[in-house]
Amino acid sequence: MERREVLRLSAVAGATGALTLGRVSFADAAPADGRPGDGPGEQTRRITGHLPTGAPDFVYLPVDVPHGVREIAVSYTYDKPPVPEGTAGNACDIGIFDERGTDLGGAGFRGWSGGARTEFFLRADEATPGYLPGPVNAGTWHIALGPYTVAPQGLSYDVTVTVRYGPRGHTPAPVHPPERARGRGRAWYRGDSHLHSVHSDGKRTPAEIAALARAAGLDFLTTTEHNTTSSHRAWEGLWGDDLLILTGEEVTTRNGHVVAMGTDPGVFIDWRYRARDNAFGKYARAVRRAGGLVIPAHPHATCIGCNWKFGLNDADAVEVWNGPYTPDDEVTLAEWDNTLVAHVQGRADWLPAVGHSDAHRDPDVVGLPQTVVLADDLSRRAVQDGVRAGRVWIAESAKIDLAFSVTGEHGEHAGIAERLEVSGNSKVTAQLKVTGAPGCTASFVTDQGRLYAAPLPPSGDDTLTWQTTADYAAYIRAEVRHPSTTPGLPGPMAAMTNPVFVGRWG
């Protein structure tokens, strides 16, 4: 029977927002004397403790890893006592940092599974999804507990750490997706840049996601696991001339989530800070240094810690539509629309709107919604350039297609994200061509709100035109919606565009 040493550790001083527990140690070599307990070639320690309500965001358990270890395995549990209705119960995440330390943005990160798993392992040649394979070097490693919410009774944890001895093994060089697919030259490309697999809290494999992306008519996708880059090496053989795969991360903080879209493969972006730490700008710059875009995700989602509290000054775009369209998307859309006025007044750059599925498992639909980007080719840089410029519209599926533009009296023309420079009293005509939206209503929205709407015919195909002036509409964007399902709210979105700006202001 395996011997377990039960340690109840007292806390020692730690950094702000973190707590470091007492040290766990192992012998330099595996026991070989046949004693009961530890099996040949491995040793195990069990650590228990209790955290009160108001515990730090991160609790670090130092583990002294001796020479000769080929694998570390960790399992954990925590109690879930009953709590009154409306009170948060216990939820505790887990991850690990190696001998290089736990510094924010440092090199020591080796994996994170949040609350999706109760156990994991890592060694040179392989690791549990969410964790990075690589050498198990001697030194002080840290198991990171993240008490996401703590019940009034506190949270009791039980962590078991096993080290296994033997030859290190070889870490294969990662194979990452190429940055370019064949594409169609300058064209509108459909993509979904917020997706989860078994490498965080999703249930689908990368192969299953790639198949669903192709079935949804997508040209590109971005892998965005919660607080880990382990999926970046998991797509070998799944890309092709018809599907561009970008690497990224959903940086999941306690004050909101942000999609780091198209970061360099293997580049980890830290998440261990809150809005009050005034640190987000630093990590937004880290995303851009890694070649990615900063896109706040589901800013008004109702899950704990999901509301976006960092502001939008450091963003490249904002996810206004996340999964099936819901009232919190309506709030985000209205908030985003309000920011367009600041651009009209010349006070700020405007922030493009995007939409992603955030699909995790069945019945989540990959490509609901999808961001349709005008890009010079099907490549990482071209797609990102299109998103950054706002040459984007959003659709619930590839069944819907649209074209939107605004023209002036003398042949002036502007498409999505462009400006039609005409005098204030000049007449302008907005035109929206829609296909594949039966039962929907199309409308034009300006800085005064929704000024024109018309039902589409049963076929779902129509071309709508509306005439106004630059004085009356500083920007025009288009929406296609289903009938209302919630009293007092417009119907769920079927498709929407970014704006065309009108006039010579600014």
Side-chain angles (χ1 to χ4, degrees), residues 14-15 17-21 56-65 69 71-74 76 92-117 119-148 159 161 171 173-174 176 196-201 223-234 247-254 257-260 263-274 277 279-280 282-287 289-292:
L19 180 71
T20 301
L21 303 174
D57 288 348
F58 300 100
V59 176
Y60 296 109
L61 172 61
V63 178
D64 286 337
V65 176
V69 172
E71 179 177 299
I72 296 177
V74 178
Y76 82 121
C92 187
D93 297 340
I94 196 167
I96 195 167
F97 293 79
D98 67 20
E99 81 286 351
R100 291 170 291 182
T102 62
D103 290 346
L104 290 177
F109 174 78
R110 289 295 294 270
W112 184 255
S113 50
R117 288 183 169 80
E119 59 185 11
F120 63 86
F121 76 91
L122 50 85
R123 60 177 184 258
D125 62 330
E126 192 176 357
T128 300
Y131 295 82
L132 307 180
V136 180
N137 293 324
T140 301
W141 290 52
H142 289 82
I143 296 167
L145 298 178
Y148 207 75
V159 180
V161 184
T171 302
H176 294 133
H196 297 280
S197 76
V198 294
H199 284 263
S200 59
D201 59 344
T223 174
T224 56
E225 308 297 353
H226 293 286
N227 299 340
T228 185
T229 60
S230 71
S231 68
H232 291 188
R233 62 177 70 207
T247 55
E249 181 183 339
E250 184 175 4
V251 183
T252 306
T253 80
R254 298 297 181 92
H257 304 182
V258 60
V259 169
T263 47
D264 293 335
V267 174
F268 165 68
I269 306 299
D270 217 309
W271 77 98
R272 292 171 291 163
Y273 44 85
R274 293 195 185 211
D277 298 323
F280 180 69
K282 172 182 177 181
Y283 293 100
R285 291 189 293 273
V287 171
R289 282 196 304 272

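Between E99 and V65 there is no side-chain heavy-atom pair separated by less than 4.5 Å. Between W141 and I72 the shortest side-chain heavy-atom distance falls below 4.5 Å. Under the 4.5 Å side-chain criterion, counting only non-hydrogen atoms from C-beta, L132 is not in contact with L122. Counting heavy atoms from C-beta on, the side chains of F109 and N227 never come closer than 4.5 Å. Counting heavy atoms from C-beta outward, F121 and E126 have side chains that approach closer than 4.5 Å. Considering only heavy atoms from C-beta on, E225 stays 4.5 Å or farther from E250 through its side chain.
Remark: side-chain polar atoms of T171 are paired, donor with acceptor, to backbone N or O of A124 under 3.5 angstrom. When atom types are taken as modelled, the side chain of R272 and the backbone of T102 share a donor-acceptor pair closer than 3.5 angstrom.
A distance of 10.5 Å separates NE2 of H199 from NE2 of H232, quoted to the nearest 0.5 Å. In this structure, D270 CG and K282 NZ are separated by 8.5 Å, a value rounded to the nearest 0.5 Å.
The side-chain hydrogen bond (donor to acceptor under 3.5 Å, both in side chains) test applied to T229 returns no partner, not counting sequence neighbours. Listed by chain and number, the residues in a side-chain hydrogen bond (donor to acceptor under 3.5 Å, both in side chains) with D103 amount to none (sequence neighbours excluded).
In this model, a donor atom of one side chain and an acceptor atom of the other lie less than 3.5 Å apart for S231 and T223. Judged by distance alone, the side chains of T253 and Y273 never bring a donor and an acceptor atom under 3.5 Å apart.
Evaluated for a ring-ring contact (aromatic ring centres under 6.0 Å, His included) with Y131, the options F120, F97, W112 yield exactly one hit, F120.
Taking the centre and axis of the six-membered ring of F58, the NZ or CZ atom of R254 falls inside the cone set by 45° and 6.0 Å.
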